[in-house]
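A short write-up of the structure that comes next.
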Amino acid sequence: MQIISTIAALRECLKQERAIAFVPTMGNLHEGHLNLMRQAREHGGCVVASIFVNPLQFGPNEDFDQYPRTLIADCAKLQGLADVVFAPAVNEMYPVQQTLFIELPPLANELCGAARPGHFRGMATVVLKLLNIVQPQVALFGKKDYQQLHLVRQLVAQLNLPLCIVGGETVRAADGLALSSRNQYLTEAERGEAVFLSQTLQGMRQAILQGARNFELLQQQAVQALAIRGWAVDYVSVRNQSDLRPADCESDELVILAAARLGRTRLLDNVEVGLGG
């Protein structure tokens with residue numbers, strides 16, 4: 001496994017490769033990332049992972065400086081899974097101030113975008129840069145960040161990028177908590193409570209499967225249930241899988257998305273609901 005820190009060296013390394021599968025990450029890897037790496041091997045002869053904490057997708061009061069950076073441990077976990085690890089410095093990815101950005105659709109200002117202004121603009125910028133640098137045939141993103149995955153798919157489709165985007169299923173702890181690099185911020189008590197988010201979404205899923213169609217009421221009940229237990233809820237929303245527009249009673253392929261803070265830790269989760277015959 002090669003560890004490369006410059007764009008020029010990476011391009012030289014990959015110039016003869018014709019089947020590249022790419023997994024972009026911000027490091028602090030967990031089993032969810034490693035599952036994507038295993039899936040990547042099924043799609044490409046050369047598997048590339050990137051480790052880069054992207055400053056453009058962090059707001060001024062967010063955890064960019066505190067975000068865990070564990071490159072040595074991450075590379076140890078990637079042994080046998082990745083052929084190349086691209087770990088650039090910030091000034092390698094942004095040698096000058098970034099002043100050009102993609103104009104994203106209105107969805108980028110909803111859900112997580114409403115709570116984190118500019119987040120998806122920064123995400124889309126670095127993803128486009130990384131795809132241009134690595135030039136993979138396949139890139140893999142986890143479904144836990146469902147809105148991000150949807151926007152990346154739109155980015156690739158609308159800009160005619162020559163690659164396929166693959167979504168990896170969310171990997172969960174034994175109790176159902178979605179794995180996340182931010183879970184390590186949870187105290188012991190918070191970790192015990194954190195599973196209530198996924199339990200809430202599963203309860204909504206069961207209600208919908210049993211015929212509930214008042215999605216607004218389901219959302220309000222979920223927010224109230226979380227708030228009573230001390231969660232600060234950004235949103236709980238039932239959307240269409242295809243376009244992430246709010247679902248209506250005619251929708252049959254749904255996703256329930258949620259983001260909420262427990263203490264100082266912001267947790268994301270979602271669950272798909274298929275009503276088709």
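- Checking Glu272 against Tyr146 by side-chain atom types alone, a donor-acceptor pair falls below 3.5 Å.
- Here Gln210 contributes atom CD and Arg205 contributes atom CZ; the two are 10.5 Å apart, rounded to the nearest 0.5 Å.
- Screening Arg266, Arg116, Gln57 against Glu62 for a side chain to side chain donor-acceptor pair (under 3.5 Å) leaves a single residue, Arg116.
- Of all non-hydrogen atoms in Ser251 and Leu275, the two that sit nearest each other are O-CD1, 3.9 Å.
- Note on Lys15 versus Glu12: salt bridge recorded, some NZ/NE/NH1/NH2 to OD/OE distance being below 4.0 Å.
- Annotation: the span from Thr187 atom OG1 to Arg264 atom CZ amounts to 9.5 Å, rounded to 0.5 Å.
- Looking only at side-chain heavy atoms (C-beta outward), Leu201 and Met204 come within less than 4.5 Å of each other.
- Between Gln137 and Ala19, the shortest heavy-atom distance links the atoms OE1-CA, 3.3 Å.
- With Asn35 contributing its side chain and Gly168 its backbone, the two residues share no donor-acceptor pair below 3.5 Å.
- By the rule that hydrophobic residues join a cluster once side-chain heavy atoms approach within less than 4.5 Å of another member, Met123 and Leu56 end up as members of one cluster.
- Leu131 places none of its side-chain heavy atoms less than 4.5 Å from the side chain of Pro24.
- Judged by the 6.0 Å distance and 45° axis criteria, Arg69 is positioned over the aromatic ring of Phe64.
- Side-chain contact between Gln2 and Cys13 is present, with heavy atoms from C-beta onward closer than 4.5 Å.
- Between the side chain of Asn270 and the backbone N or O of Lys144, at least one donor-acceptor pair lies under 3.5 Å.
- A donor-acceptor pair under 3.5 Å is formed between the side chain of Thr25 and the backbone N or O of Ser50.
- Counting only residues at least two apart or on different chains, the side chain to side chain donor-acceptor pair (under 3.5 Å) pairs with a member in residues 98-108 are Gln98-Lys129.
- Nearest heavy atom pair, residue Asp83 against residue Cys46, reads OD2-CA, 3.4 Å.
- Under a hydrophobic-cluster definition in which Ile, Leu, Val, Met, Phe, Trp and Tyr are linked whenever side-chain heavy atoms come within less than 4.5 Å, directly or via other members, Leu14 and Leu128 are assigned to the same cluster.
- The structure places CD of Glu92 at 7.0 Å from OG of Ser5, a figure rounded to the nearest 0.5 Å.
- Rounded to the nearest 0.5 angstrom, Gln219 CD and Leu257 CG are separated by 10.0 Å.
- The shortest side-chain heavy-atom distance between Leu149 and Lys143 falls under the 4.5 Å cut-off.
- Ser237 and Arg239 share a donor-acceptor pair across their side chains, judged by distance under 3.5 Å alone.
- There is a side-chain donor-acceptor pair under 3.5 Å between Tyr94 and Asn54.
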Donor-acceptor contacts under 3.5 Å from residues 225-233 side chains, at least two apart:
from   : atom 1 : to     : atom 2 : distance (Å)
Arg229 : NE     : Glu193 : OE1    : 3.4
Arg229 : NE     : Glu193 : OE2    : 2.9
Arg229 : NH2    : Glu193 : OE1    : 2.9
Trp231 : NE1    : Glu193 : OE2    : 2.8

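- Hydrophobic clustering of Ile, Leu, Val, Met, Phe, Trp and Tyr side chains at less than 4.5 Å, counting indirect connections, keeps Phe215 apart from Val255.
- Nearest heavy-atom pair, Thr170 versus Ala178, reported as atom, atom and distance to 0.1 Å: CG2-CB, 3.7 Å.
- Under the 4.5 Å side-chain heavy-atom criterion for ILVMFWY residues, no single connected hydrophobic cluster contains both Leu104 and Phe58.
- More than 12 heavy atoms of other residues, nucleotides or ligands lie within 6.0 Å of CG in Leu159, so this atom counts as buried by the packing criterion.
- Grouping Ile, Leu, Val, Met, Phe, Trp and Tyr by side-chain contacts under 4.5 Å, direct or through others, puts Leu78 with Met1, Ile3, Val23, Leu29, Leu34, Leu36, Met37, Val47, Ile51, Leu71, Leu81, Val85, Val138, Leu140, Val166.
- The CG atom of Leu254 lies 9.0 Å from the CG atom of Asp248; values are rounded to the nearest 0.5 Å.
- A salt bridge does not link Glu110 with Arg245: every distance from a Lys NZ or Arg NE/NH1/NH2 to an Asp or Glu carboxylate oxygen is 4.0 Å or more.
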Exercise. Begin with the C-alpha distance, continue with both residues' side-chain angles, and end with the deciding distance and a verdict on salt bridge (Lys or Arg N to Asp or Glu O under 4.0 Å) for Arg38 and Glu31.
Key: CA-CA 10 Å; Arg38 297 183 192 102; Glu31 186 59 29; 2.5 Å; yes
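- The side-chain heavy atoms of Ile208 and Arg213, taken from C-beta on, include a pair separated by under 4.5 Å.
- Under the 4.5 Å side-chain criterion, counting only non-hydrogen atoms from C-beta, Phe86 is in contact with Ile133.
- Two residues are said to be in side-chain contact when any heavy atoms from C-beta on lie closer than 4.5 Å; Leu107 and Gln154 fail this criterion.
- A pairwise comparison of heavy atoms in Tyr67 and Met26 identifies CE2-O, 3.6 Å as the closest pair.
- Using a 4.5 Å heavy-atom cutoff, the side chains of Pro136 and Val48 are not in contact.
- Under the 4.5 Å side-chain heavy-atom criterion for Ile, Leu, Val, Met, Phe, Trp and Tyr, Leu161 and Phe120 are members of the same hydrophobic cluster.
- Without hydrogens or angle criteria, Gln158 side chain to Leu155 main chain gives no donor-acceptor distance under 3.5 Å.
- In this structure, Asn214 CG and Gln220 CD are separated by 8.0 Å, a value rounded to the nearest 0.5 Å.
- Other residues, nucleotides and ligands contribute only 12 or fewer heavy atoms inside 6.0 Å of the CD atom of Glu250.
- Shortest non-hydrogen contact noted between Asn28 and His33 is O-CE1, 4.0 Å.
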